[in-house]
Amino acid sequence: MAREDAQEPVVGENLDRLNQNLARIEDLSKRLVAALSARKPGDAGLSGPGQDLYLKAGMAMWQEMLTNPAKLMEQQVQYWGQALTHYAEVQKELAQGHLVLQEEDDLPSDKRFSNPLWKTHPYFNFIKRQYLTSAQAMQKAVDELEGLTPRDKKRVEFFASQIIDLFSPTNYLATNPDALEKAVETEGESLVKGLENLVRDLEARHGEILPTLADPTAFHVGENLATAKGSVVFRNAMMELIQYAPTTETVHQTPLLIFPPWINRFYILDLKPQNSLIQWIVDQGYTLFVVSWKNPDASYADTGFETYIEDGYLKAIDTVCEITGETQINAVGYCVAGTTLALTLALKAKRGQSRVKSATFFTTLTDFIDQGEFTPFLDDDFVAAIERQVEETGYLDSYYMSKTFSYLRAKDLVYGPAVRSYMMGEAPPAFDLLFWNGDSTNLPGKMTVQYLRGLCQKNGFAGDGFDLMGEKLHVSDVTLPICAIACETDHIAAWKDSFRGIVQMGSRDKTFILSESGHIAGIVNPPSKKKYGHWRGPEAIGTPALWKEAAAYHEGSWWPFWDGWLSARSGEKVPARTPGTKEFPVLASAPGTYVREKVEG
């Protein structure tokens with residue numbers, strides 16, 4: 001058979017391609033140095049106050065080891081024994097000339113090590129086993145630490161998890177078979193593209209590294225995201241109020257008003273028509289209004305909860321009543337906007353006002369006695385560094401919040417994307433949820449400190465009271481009918497913590513729903529997907545464990561059940577309302593103008 005010379009690699013062409021890639025690397029290296037030199041000194045996040053966090057955690061762990069050296073030696077001997085055993089096994093395989101392991105390991109599966117070479121090749125298998133052994137040894141050492149306060153223990157646990165994730169062999173080219181194979185296959189092209197991606201991210205973030213999670217060119221707000229039909233019918237310095245166009249001939253008499261969190265854009269509730277909660281609510285026959293918050297800049301330095309409540313919540317409630325001619329509305333608050341809705345309802349109760357008929361809370365915390373995974377970020381040293389940052393700039397840059405949330409799930413939101421982008425040279429995916437996740441907003445300086453000091457650290461709302469607008473507010477002041485939805489695997493607002501706050505509310509009509517999945521997927525869970533189920537049952541009283549034991553599991557989305565709960569509190573049907581009135585004319589088409597605003601730091 002004739003040899004197919006045309007399919008053989010051409011050395012000259014490959015050499016030219018390699019030289020071209022080397023030239024590109026030289027140019028990119030200059031840009032890399034320039035981007036790193038633009039890094040702002042004293043940045044917050046996991047640098048700045050994050051450095052103090054690591055230092056304190058390391059010192060606490062070291063102090064404990066010094067006070068109990070016997071335990072340290074016992075742990076080290078166990079670790080050394082496992083490491084030497086693995087080394088001897090690999091040496092035996094190589095001495096016998098085996099380039100493939102005769103028996104595959106039985107280590108737990110980990111998607112980072114999905115390449116078959118991690119199981120079959122002696123070199124990669126040895127590296128993986130040594131890493132997992134080291135990780136297990138560190139976790140065991142942390143678990144068995146004694147003499148630490150619960151806060152210090154959580155700090156050390158976070159510190160250890162960051163070290164474990166950082167030193168995964170998949171994060172480094174020489175010990176990542178996927179990246180090495182691709183580099184060989186592409187004559188280094190994948191590494192050059194990866195360097196281009198790294199330089200792009202560094203230049204976009206002033207020298208800070210945080211991988212771009214989604215293709216920034218794949219989505220355009222108002223075109224293929226946030227497409228529900230509606231109009232901006234009111235605007236002030238804090239928010240735009242959007243009224244959505246009806247899709248039914250009649251609607252419930254009582255309008256519905258949603259307050260989304262101002263940490264991200266409101267269109268998480270309107271990503272695409274098939275998973276849009278906004279569109280689904282309209283289709284069920286409600287007159288729906290949604291607040292789109294202003295992205296604050298330095299001029300909002302003195303904006304606190306008082307302004308959010310006065311010019312946001314109270315103004316939006318009054319405006320909806322004026323537009324619809326109704327005396328009451330139903331309200332929804334999501335995450336921090338749910339916390340602030342509860343503050344608003346407590347304030348209105350103190351003042352004897354009753355313009356809200358019922359309230360729904362999505363993944364909302366009102367009792368911060370247990371701060372969960374955020375504990376390391378709520379100690380005085382870290383919060384003090386945030387205070388210094390906002391005093392200097394007037395606001396907390398969205399980058400720092402994004403980085404904090406990302407490092408809570410570092411494997412999935414930092415290192416995994418970094419490997420694919422920087423070592424494999426892959427373009428970020430066209431994923432709407434990740435695009436929204438990267439479209440974050442700033443936080444005003446005063447509000448940031450109020451939240452961290454008054455609510456998170458002092459737990460004022462569920463404790464001795466939260467002083468606001470001339471009143472001392474307590475969660476028990478919320479007395480109207482409420483429905484709360486929490487999410488089983490939520491790492492931002494843990495469901496048991498959410499439940500604890502709902503229990504303390506003064507309402508006699510408290511419905512609690514526990515959705516499967518996390519902070520976003522558990523809420524944005526349309527019935528058509530038939531993906532995540534939920535628990536519902538008795539009134540929200542007692543402990544989370546007892547409530548869940550008594551609750552019944554239901555397959556599918558909680559949306560239809562909530563619709564039944566809400567419709568029972570939304571009055572009779574009336575003719576559908578078109579957006580705006582003579583007094584409140586249409587100012588712009590949905591999704592409005594504020595949602596598109598960017599603020600450069």
Side-chain angles (χ1 to χ4, degrees), residues 228-234 239 241-260 266 269-270 276-292 309 312-334 337-338 340-342 344-349 351-362 364 478-485 505-511 513 523 558-581 583-584 590:
K229 302 298 182 184
S231 303
V232 175
V233 292
F234 177 80
M239 53 98 178
L241 183 65
I242 301 172
Q243 181 179 0
Y244 284 89
T247 58
T248 56
E249 292 185 1
T250 60
V251 294
H252 289 282
Q253 181 177 352
T254 304
L256 180 65
L257 172 58
I258 296 180
F259 295 99
F266 81 89
L269 301 176
D270 187 29
S276 171
L277 177 58
I278 285 175
Q279 190 61 61
W280 186 86
I281 289 172
V282 171
D283 291 342
Q284 308 315 302
Y286 293 92
T287 302
L288 178 63
F289 294 80
V290 176
V291 165
S292 174
I309 291 175
Y313 286 74
L314 298 180
K315 188 62 179 178
I317 291 169
D318 290 344
T319 302
V320 170
C321 288
E322 290 182 51
I323 289 175
T324 60
E326 301 297 329
T327 58
Q328 286 189 310
I329 61 120
N330 291 314
V332 178
Y334 194 167
T340 313
L341 174 61
T344 303
L345 296 175
L347 177 70
K348 291 179 75 66
R351 294 178 174 178
Q353 300 168 350
S354 58
R355 276 203 151 180
V356 181
K357 183 184 293 187
S358 76
T360 299
F361 297 100
F362 295 166
T364 294
V478 180
T479 57
L480 47 67
I482 58 175
C483 180
I485 298 90
M505 290 184 178
S507 171
R508 297 182 180 179
D509 179 1
K510 293 184 285 193
T511 298
I513 300 170
I523 297 299
W558 52 268
W559 291 9
F561 173 79
W562 178 58
D563 174 38
W565 182 91
L566 187 63
S567 64
R569 294 159 177 80
S570 298
E572 303 295 328
K573 291 293 187 75
V574 298
R577 306 174 175 107
T578 57
T581 63
E583 292 76 19
F584 294 93

What about F259 and Y313, are their ring centers closer than 6.0 Å? yes

For A346 versus V478, what's the shortest heavy-atom pair and its separation? N-CG2, 4.2 Å

Would you sort out whether V291 and L257 count as a side chain to side chain contact (heavy atoms under 4.5 Å, CB included), showing the intermediate values? CA-CA 8 Å; V291 165; L257 172 58; 4.2 Å; yes

Which atom names give the shortest non-hydrogen contact between A337 and P260, and what distance separates them? CB-O, 3.2 Å

Any heavy-atom pair between the side chains of D509 and I482 that's under 4.5 Å? no

Report the C-alpha distance between L347 and I309 in whole Å, list the side-chain angles of each, state the deciding distance to 0.1 Å, and finish with yes or no for side chain to side chain contact (heavy atoms under 4.5 Å, CB included). CA-CA 9 Å; L347 177 70; I309 291 175; 4.0 Å; yes

Could you check whether any side-chain N or O of D270 sits under 3.5 Å from a backbone N or O of S276, counting only pairs where one atom can act as donor and the other as acceptor? no

Check whether any side-chain heavy atom of F289 lies under 4.5 Å from a side-chain heavy atom of I329, and answer yes or no. no

How many angstroms lie between OG1 in T247 and CG in D283, if you round to the nearest 0.5 Å? 3.5 Å

Q243 side chain to G230 main-chain N or O, any donor-acceptor pair under 3.5 Å? no

Between the side chains of S358 and R569, does any donor sit under 3.5 Å from an acceptor? no

Where do L269 and I258 land on the side chain to side chain contact (heavy atoms under 4.5 Å, CB included) test, with the steps shown first? CA-CA 10 Å; L269 301 176; I258 296 180; 3.8 Å; yes

Using 0.5 Å steps for rounding, measure from the CD1 atom of I513 to the CH2 atom of W559. 13.0 Å

Looking just at side-chain N and O atoms, do N330 and T254 make a donor-acceptor pair shorter than 3.5 Å? no

With a 4.5 Å cut-off on side-chain heavy atoms, are V574 and T250 touching? no

Minimum side-chain heavy-atom gap W562-C483 below 4.5 Å: yes

Taking all non-hydrogen atoms of both residues into account, name the closest pair between Y286 and S567 and its distance. OH-N, 3.2 Å

Could you tell me which non-hydrogen atom of I278 sits nearest to which non-hydrogen atom of A228, and how far apart they are? CG2-CB, 4.0 Å

For atom NZ of K573, is the number of surrounding heavy atoms from other residues, nucleotides or ligands below 6.0 Å larger than 12? yes

Between OG1 on residue T287 and CD1 on residue I281, distance to nearest 0.5 Å: 12.0 Å

Hey, what do you get for CZ (R355) to SG (C321), rounding to the nearest 0.5 Å? 4.0 Å

To the nearest 0.5 Å, tell me how far L566 CG sits from H252 NE2. 7.0 Å

Hey, are the side chains of I485 and Y334 touching, using non-hydrogen atoms and a 4.5 Å cut-off? no

Starting at CD1 of I317, measure out to CD of Q353 and round the result to the nearest 0.5 Å. 9.5 Å

Centroid-to-centroid, F362 to W558, below 6.0 Å? yes

Verify, without hydrogens or angle tests, whether Q253 (side chain) and G571 (backbone) share a donor-acceptor contact under 3.5 angstrom. no

I242 and A590 have their tightest heavy-atom pair at CG2-CB, 3.9 Å

Between L314 and K348, is any pair of side-chain heavy atoms under 4.5 Å apart? yes

Could you report the tightest heavy-atom contact between P246 and T578, atom names first, then the distance? CD-CA, 4.3 Å

Walk me through whether K357 and E326 qualify under salt bridge (Lys or Arg N to Asp or Glu O under 4.0 Å). CA-CA 11 Å; K357 183 184 293 187; E326 301 297 329; over 6 Å; no

Between F361 and M505, is there a side-chain heavy-atom distance shorter than 4.5 Å? yes

Are the side chains of F584 and T319 in touch, meaning some heavy atoms are under 4.5 Å apart? yes

W280/D563 under side chain to side chain contact (heavy atoms under 4.5 Å, CB included): CA gap, chis, key distance, verdict: CA-CA 10 Å; W280 186 86; D563 174 38; 3.7 Å; yes

Would you say NZ of K315 has more than 12 non-hydrogen atoms from neighbouring residues, nucleotides or ligands within 6.0 angstrom? no

